[in-house]
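Before any comments, here is the structure.
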Amino acid sequence: MEATQLEQIVLENGASRNGIIAMLQEIQSRENYLSEDNLSYLSDRLDIPLIDLYGIASFYKSFSMTPVGDNIIHVCLGTACHVRGAEPILEEIERKLDIKAGETTPDNKFTLKTVNCLGACALGPIVLINGRYFGNTSMQKVTDILQQYGYIAEVAPETT
Amino acid sequence: MGSKRTTIYVCMGTSCDARKSRRLQEAFSRALKDKGLHDEIDVSATSCLGYCDEGPNILIEPENLMYHNLNEEDVPFFIEEHFIKGNRLENYILAPGNGELKIPDMTDINFFKHQRLVVLRNRGRLEPDSIDEYIAMDGYAALSKVLEEYTPESIIVEIIDSGLRGRGGAGFPTGRKWQICRNAPGNEKYIVCNADEGDPGAFMDRSILESDPHAVIEGMIIGARAIGANQGFVYIRDEYPLAVQRIKKAIQQAEDYGLLGDHILGSDFSFTLKIVRGAGAFVCGEETALLASIEGKVGRPRQRPPFPVIKGLWRKPTNINNVETWANVPHIIRNGAKWFSNIGTAKSKGTKIFSLVGKVTNTGLVEVPMGITLREVIFDIGAGIPGDKKFKAVQIGGPSGGCLPDKMLDIPIDYDQLVQAGAMMGSGGLIVMDETTCMVDLAKYFTKFLYEESCGKCWSCREGLRRMLEILTKITEGKAKEEDLDTLRDLAEMTKYASMCGLGQTAANPVLSTLKYFEKEYILHVRYKRCPAKVCKALINFYVIPERCTGCMRCVAACPTGAITGPRSEPHNIDQSKCIKCRACYEICKFNAIEDVIVDAIVIK
């Protein structure tokens, strides 16, 4: 991110320590992750040790310090989704994309994350992709949903 | 709120929004215009109707009729039939579990009939983005009453007399808290709305903020006046984008109307309100962690006392209440403490909003008077368990709460009774579980959740949860011995007594309450290596029962690994080496032909 953009974010959030989380959220929402360069800029600008910023960035779940893929999948693992079978859906997505939760596919197309509760429990189990809710999902629907975001399914083995 | 002969209210809560209710609203506007009815019939976006299971929901007034499951394509046909020909479309009428009344009024529907609306009184009838509608519903009347007729002290007396207790968890008397904060030394004071609704399975605070944001703002201004604060913060969870957007807009509107800012309504009282978004840490629901987060620090709790009401934000007295608590305040001022204290039980006054979710027929948001039994909520309002499954437990109070079995369902909902039963009010999540939920797995789920969310400051919480999780994992994998259950109990007690903050002190509740009420299930796992709910993968093997299998191929199609084979119309077969025990076949089979055959043979006395 350009220094001028960063400076603007700093100024919009009061240019003080109190606004640091809001600044990180803004950077995260624009770039999907917090780069070392950006954190260093904030550290110098606000006179906060880089280790403190690292502490904040690693403590809060919304922040990521590695770049993410083009599409971000969140599987809700809230209690209501859990009792309606969210884990098998997560595992199915992990199998299909061949990555684990928290990882990004090698072609950078998908990042898979979990979330504790989206608060739309009536729709559970929920998968959220790029902010769009897919409610009442099931293992059977996973391929369909992923295909809408450019996933190419392997040809299913023939069953007799 | 419409001004024409009929209004169609379209629900805009997160669940209906996710089911494209906004496009439904647009389709209604378009179709009414096409038919030339737009001068007679209004279409209005409205706050959450609470019956989230059946969305997108619409309410037609003045008939008080609810329709659901409408697609945008159905709209022209719907308007033609309902409004022009006068036919009520039975397929879309919301009539859950009510066979006798074909065309029920909203108040005939069991889901709504047993509720008592105080905080949610405007639900379904208010456009959340409109401050004018809120004002037309007596909004900000309580604020103006307070500024004209009350001293700060008399506001506090009113709240104390009402018996209102905090709706966020522990249930501390709200008026007392305000009084302590008011009397705390110092001129600069703050108030905070805790909208970091972190309990998974709970969404009432989200819904209040989305549906009636001004009620929260009004409550906070009244509280600030009583306490003597001039600055407030709404600390809101970032996972709720719609709620953030609505409260932001509402604050802007209140500022434009002179309800926030300098000299509110011409008085000598000034108050500003700021939004702080959380960043995804469950522990920030704990008040001292929340304050650290507002100050731009890592959200770790600190030792109390001093309590935030004495030393809070930037070491100044700070009063924190949760969303639902603040939203109760205007109603108490408007209707009086006596009115409020007439609702509820001896020590728990007013109503409580619950999010009724999980394995229950009617999922959604319900507001009920304190003192109602859990059975009434789950079976009368929620219409029980879907399918032919049996009720097993209800989890109340979030990760720090407890699981209560059938025999505890007749206790009245009340702060003290729930604690006695081994659960807690918490913020109000009610997660219903049927026989397909494994209680050991559930205890493991919550323990894992809390282990990941523990800030790590206290050794007892950090290590206690880790060790409990290890034992629970061993149990679900069939590797545990019976003495492990004693160790589990000891660890749970230690974590409870040795941890500093609310998270650690209650972190063992899921384990303790499941051990208390579902010990048999633990023993089945440990001694017999079986999981009766067929959840714990290491302990189950799925087989096709040939006598029941009709060869319909549904399970073959559902199996993600191709482990099931078999020609159509003949019993299928599961290749155990390929089976990943995902339960897809078990859940999709209509003939109960997939079974973990051995389990039914074991009976524990």
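Computed over heavy atoms, backbone and side chain alike; hydrogens, waters and symmetry mates excluded. Order of the sequence lines fixes the chain letters, A, B, ..., with proteins taken first and strands second; residue numbering starts at 1 for each chain.
The local environment of NZ in A/K141 is crowded, with over 12 non-hydrogen atoms from other residues, nucleotides or ligands closer than 6.0 Å. Heavy-atom neighbours of A/D47 CG from other residues, nucleotides or ligands within 6.0 Å: at or below the threshold of 12. Sparse packing is recorded around NZ of B/K448, with 12 or fewer heavy atoms of other residues, nucleotides or ligands lying under 6.0 Å away. Counting non-hydrogen atoms of other residues, nucleotides and ligands closer than 6.0 Å to CG of A/D98 gives a total of 12 or fewer. Other residues, nucleotides and ligands place no more than 12 heavy atoms under 6.0 Å from the OH atom of A/Y54. Within a 6.0 Å radius of OH in B/Y451, no more than 12 heavy atoms belonging to other residues, nucleotides or ligands are found.
With a 4.5 Å cut-off on side-chain heavy atoms, B/W314 and A/N18 count as touching. Annotation: side chain of B/T363 is in contact with side chain of A/R84 (closest heavy-atom distance under 4.5 Å). Contact annotation: the side chain of A/R95 approaches that of B/P560 to within less than 4.5 Å [non-hydrogen atoms, C-beta and beyond]. The side-chain heavy atoms of B/F449 and A/L77, taken from C-beta on, include no pair separated by under 4.5 Å. B/S15 is not listed as a side-chain neighbour of A/Y133, based on a closest heavy-atom distance of 4.5 Å or more.
Of all non-hydrogen atoms in B/R19 and A/A122, the two that sit nearest each other are NH2-O, 4.2 Å. Across every non-hydrogen atom of A/Q140 and B/A584, the tightest pair is NE2-CB, 3.8 Å. Contact record, A/Y60 with B/G299: OH-N, 3.0 Å, taken as the closest heavy-atom pair.
Only the side chain of B/K20 comes within contact range of chain A, with heavy atoms under 4.5 Å apart. Proximity to chain A (any heavy atom under 4.5 Å) is shown, for B/R277, by both the backbone and the side chain. Only the side chain of B/I580 comes within contact range of chain A, with heavy atoms under 4.5 Å apart. With a threshold of 4.5 angstrom between heavy atoms, B/K581 does not approach chain A through any atom at all. Contacts between B/V276 and chain A at a heavy-atom distance below 4.5 Å are absent for every atom of the residue. Only the side chain of A/V115 comes within less than 4.5 Å of a heavy atom of chain B; its backbone N, CA, C and O stay farther away. In this structure, the portion of B/K537 lying under 4.5 Å from any heavy atom of chain A is its side chain and not its backbone. When heavy atoms are compared at a cutoff of 4.5 Å, A/Q28 does not approach chain B at all. Of the two parts of B/C284, only the side chain, counted from C-beta on, holds a non-hydrogen atom closer than 4.5 Å to a non-hydrogen atom of chain A.
Among B/A558, B/C559, B/C52, the residue making the largest number of heavy-atom pairs under 4.5 Å with chain A is B/A558. By number of non-hydrogen pairs under 4.5 angstrom with chain B, the leading residue of A/C121, A/A80, A/P88 is A/C121. Residue with the most contacts toward chain A among B/E587, B/E453, B/R583, B/Q395: B/E453 (heavy-atom pairs, distance under 4.5 Å). Counting heavy-atom pairs closer than 4.5 Å to chain A, the top residue among B/M433, B/K297, B/E239 is B/K297. Interface check for chain A: of the options B/A202, B/S293, B/G364, the most heavy-atom pairs under 4.5 Å are formed by B/S293. The candidate from B/F203, B/Y445, B/F446 with the greatest count of non-hydrogen atom pairs under 4.5 Å with chain A is B/Y445. Chain B forms more heavy-atom pairs under 4.5 Å with one residue of A/I20, A/L123, A/I56 than with any other, namely A/L123.
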Take A/S62 and B/R237 through the test side-chain hydrogen bond (donor to acceptor under 3.5 Å, both in side chains) and record every step on the way to the result.
CA-CA 10 Å; A/S62 317; B/R237 230 179 146 227; over 6 Å; no

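Separation of atoms CZ (B/R206) and CG (A/L118) is listed at 9.5 Å; rounding is to 0.5 Å. To the nearest 0.5 angstrom, B/C582 atom SG is 13.0 Å from A/E87 atom CD. Distance OG1/A/T79 to CG/B/L430: 11.5 Å, rounded to 0.5 Å. Rounded to the nearest 0.5 angstrom, B/D238 CG and A/K61 NZ are separated by 13.5 Å. Interatomic distance, A/H82 NE2 to B/T437 OG1, rounded to the nearest 0.5 Å: 7.5 Å.
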